[in-house]
Visitor: 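Sharing a structure, written as C-alpha cells. Questions coming.
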Amino acid sequence: MLRRLDNLPATVSDRLVVGVGGADDAGVYRVSDDAALVQTVDFFTPIVDDARDWGRITAANALSDVYAMGATPLTALQLVGWPRDHLPFELLGDVVEGGAEVMAAASCTIVGGHSVDDPEPTYGFAVTGIVHPDRVIRTVGARPGDALVLTKPIGTGVVATAVKRGRASEDVERAAVDTMTTLNRVASTAMVAAGAPAATDVTGFGLLGHLGEMLAGGVGADVSGDAVPFLPGAEELAAAGVVPGGTRRNLDHATAFTDFGDLAEHRRLLLADAQTSGGLLVALPPDDVDAYLHAVPGAVRIGAFTADPGRIRVR
C-alpha cells in the first residue's frame, strides 16, 4: 500500500518549496518573496479517557509539525468524526473546548472545520502557518559534528497503552498528558534563533524512526542511551511488556539501520516508541547547545551527528 501511495502523482508548482517528495513535517508553499504557507493535517482516535485532555493533546500534536519547520501557526480547521447515536454531543463539546484552549494558547485561530457521522470518534486539525521561504527548517540538513537535542521525554505510546489496559497510575498518566499538551513553541523559537540546520518532531515513527529520516542528507548519528529522557513509569511498563504494536513494528524497522550494542530490549523499544505530540529533535552547532538548553526547559543533548551515512549507533 505504501509503495502504491508513493507512486501517486503530485501537483507541480514553482511556488512549492516543500512537497510530498521527502520526509518533511509539513508542506510549504511560497506566496511572496517574504512569506510561505506551512500546511499540515493530523487526527486520531482517543488515547486518553478524559475528553478535554484528548482535545488538548490533539491540538498540540497538530501544531507540532508547523513548529518543527520553524514556522508560526496562523489558522486551523477542525476535523471531527463522531458516533452521534452512541456518544453524547456534550462529550464532543468537551473535546472541542480542550482543542480550542490549546489553539488559543498558540495564538492560532480556529476558522471552521468539518464533521461526519463515524462509528469511531476521531478528532484533529488542519493547521496553516507562515514562515520566510528562506528560513524553512527541514528534516534533512544536519552536518557531522552537530549536536542532537531532544526537547521532551519519550514513552507516551507505552503509557497510553498502559492507560487502556488499566496498568497506569494516575501520576504516570498525568505526567504523560502534561508532556503531550505542552506546545513545542518555545523549542521552535529557540532553534530558529540558534540557526538550527535541521529538525523534526518525534511522533508515530518513534525517536529512532524520525532520527533515521534526518540521516537522509548523508550523515549518521551517535545516541547516548543513558541521556535519553523517559517519562515517569515508562521504563518499568516497557520492561513489563506493556508495549503497543506500533512500537514493536517501529523497532523492527529501526533495527536495519541501528547498532544497539548491549542496550536492554525494553530500552530499545522505548527508543522506537510511537509518540503522540512528542518533542523536537534538533540539530545544533555545538557552540549553541548550552544557550539552547537554557532557553528550552526539559531539553537534553542526547548525541551528535556523524560522518557515517545512514547509521545510528546507540552507546
Side-chain angles (χ1 to χ4, degrees), residues 23-26 38 40 42 56-57 59-73 102 105-106 127 129 131 136-139 141-142 146-159 175-214 221-232 234 270-305 312:
D24 289 288
D25 295 292
V38 178
T40 184
D42 216 321
R56 295 167 65 221
I57 292 166
N61 184 76
L63 289 162
S64 189
D65 285 341
V66 174
Y67 288 133
M69 301 195 78
T72 300
V102 170
V127 181
V131 68
V136 177
I137 298 178
R138 302 189 61 172
T139 301
D146 283 339
L148 176 63
V149 173
L150 175 66
T151 67
K152 288 186 185 182
I154 60 176
T156 61
V158 165
V159 173
V177 170
D178 286 347
T179 192
M180 287 188 286
T181 55
T182 297
L183 292 173
N184 281 320
R185 176 174 53 187
V186 172
S188 177
T189 300
M191 77 177 183
V192 171
T200 188
D201 63 336
V202 183
T203 49
F205 295 140
L207 188 154
L208 293 176
H210 289 288
L211 177 56
E213 293 174 338
M214 297 183 76
D222 283 350
V223 175
S224 171
D226 291 336
V228 177
F230 299 140
L231 282 168
L270 282 168
L271 293 183
D273 190 35
Q275 301 298 281
T276 299
S277 192
L280 301 185
L281 269 179
V282 185
L284 288 171
D287 291 344
D288 294 324
V289 172
D290 288 345
Y292 187 85
L293 299 182
H294 180 74
V296 183
V300 178
R301 180 174 181 165
I302 64 168
F305 289 92
I312 298 173

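Everything numeric here is computed off the predicted structure, so don't read it as measured data.
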Visitor: So, Lys152 side chain and Asn184 main chain: donor-acceptor pair closer than 3.5 Å or not?
Guide: no
Visitor: Do the side chain of Thr182 and the main chain of Asp178 share a donor and acceptor less than 3.5 angstrom apart?
Guide: yes
Visitor: Measuring from atom CG of Leu207 to atom CG of Leu271, what distance do you get when rounded to the nearest 0.5 angstrom?
Guide: 6.0 Å
Visitor: Taking atom OG1 of Thr200 and atom CZ of Arg138, what is their separation to the nearest 0.5 Å?
Guide: 11.5 Å
Visitor: Rounded to the nearest 0.5 Å, how far does CE of Met214 lie from OG1 of Thr139?
Guide: 7.0 Å
Visitor: Would the distance check show the side chain of Gln275 and the main-chain N or O of Phe205 forming a donor-acceptor pair, the cut-off being under 3.5 Å?
Guide: no
Visitor: State, with a plain yes or no, whether a side-chain heavy atom of Arg301 is found less than 4.5 Å away from one of Leu284.
Guide: no
Visitor: Do other residues, nucleotides or ligands put more than 12 heavy atoms under 6.0 Å from Phe230 CZ?
Guide: yes
Visitor: When you measure from the side chain of Tyr292 to the backbone of Ala187, do you find a donor-acceptor pair of N or O atoms at a distance under 3.5 Å?
Guide: yes
Visitor: Taking all non-hydrogen atoms of both residues, which atom of Asp146 and which atom of Pro197 are closest, and how far apart?
Guide: OD2-CG, 3.4 Å
Visitor: Using the rule side chain to side chain contact (heavy atoms under 4.5 Å, CB included), only one of Thr72, Val127, Val131 pairs with Val38; which is it?
Guide: Val131
Visitor: Under 3.5 Å, side chain of Asp273 to main-chain N/O of Gly157, donor-acceptor pair present?
Guide: yes
Visitor: Where is the tightest heavy-atom contact between Ser188 and Leu280, given as atom of each residue plus distance?
Guide: N-CD1, 3.9 Å
Visitor: Please examine the side chains of Phe305 and Leu211, heavy atoms only from C-beta on, and report whether any two atoms are closer than 4.5 Å.
Guide: yes
Visitor: I need the minimum non-hydrogen distance between Ala26 and Thr40, along with the two atoms involved.
Guide: CB-CB, 3.9 Å
Visitor: Is there a side-chain contact between Leu281 and Ile302 (heavy atoms, below 4.5 Å)?
Guide: yes
Visitor: Determine whether Val177 and Arg56 make a side-chain contact, defined as any pair of heavy atoms from C-beta on separated by less than 4.5 Å.
Guide: yes
Visitor: Classify the side-chain pair Thr276/Asn61 by whether it contains a donor and acceptor separated by less than 3.5 Å.
Guide: no
Visitor: Measuring only between side-chain heavy atoms, which start at C-beta, is Tyr67 closer than 4.5 Å to Leu183?
Guide: yes
Visitor: Using a 4.5 Å cut-off on heavy atoms from C-beta on, say whether the side chain of Val136 contacts that of Asp24.
Guide: no
Visitor: Identify the two heavy atoms, one from Ala68 and one from Asp25, that lie closest to each other, and give their separation to 0.1 Å.
Guide: CB-OD2, 3.5 Å
Visitor: What distance do Leu208 atom CG and Ile154 atom CD1 have between them, rounded to the nearest 0.5 Å?
Guide: 7.5 Å
Visitor: Are Leu150 and Pro229 packed together at the side-chain level, in the sense that at least one heavy-atom pair is separated by less than 4.5 angstrom?
Guide: yes
Visitor: Is there a donor-acceptor pair under 3.5 Å between the side chain of Thr179 and the backbone N or O of Ala176?
Guide: no
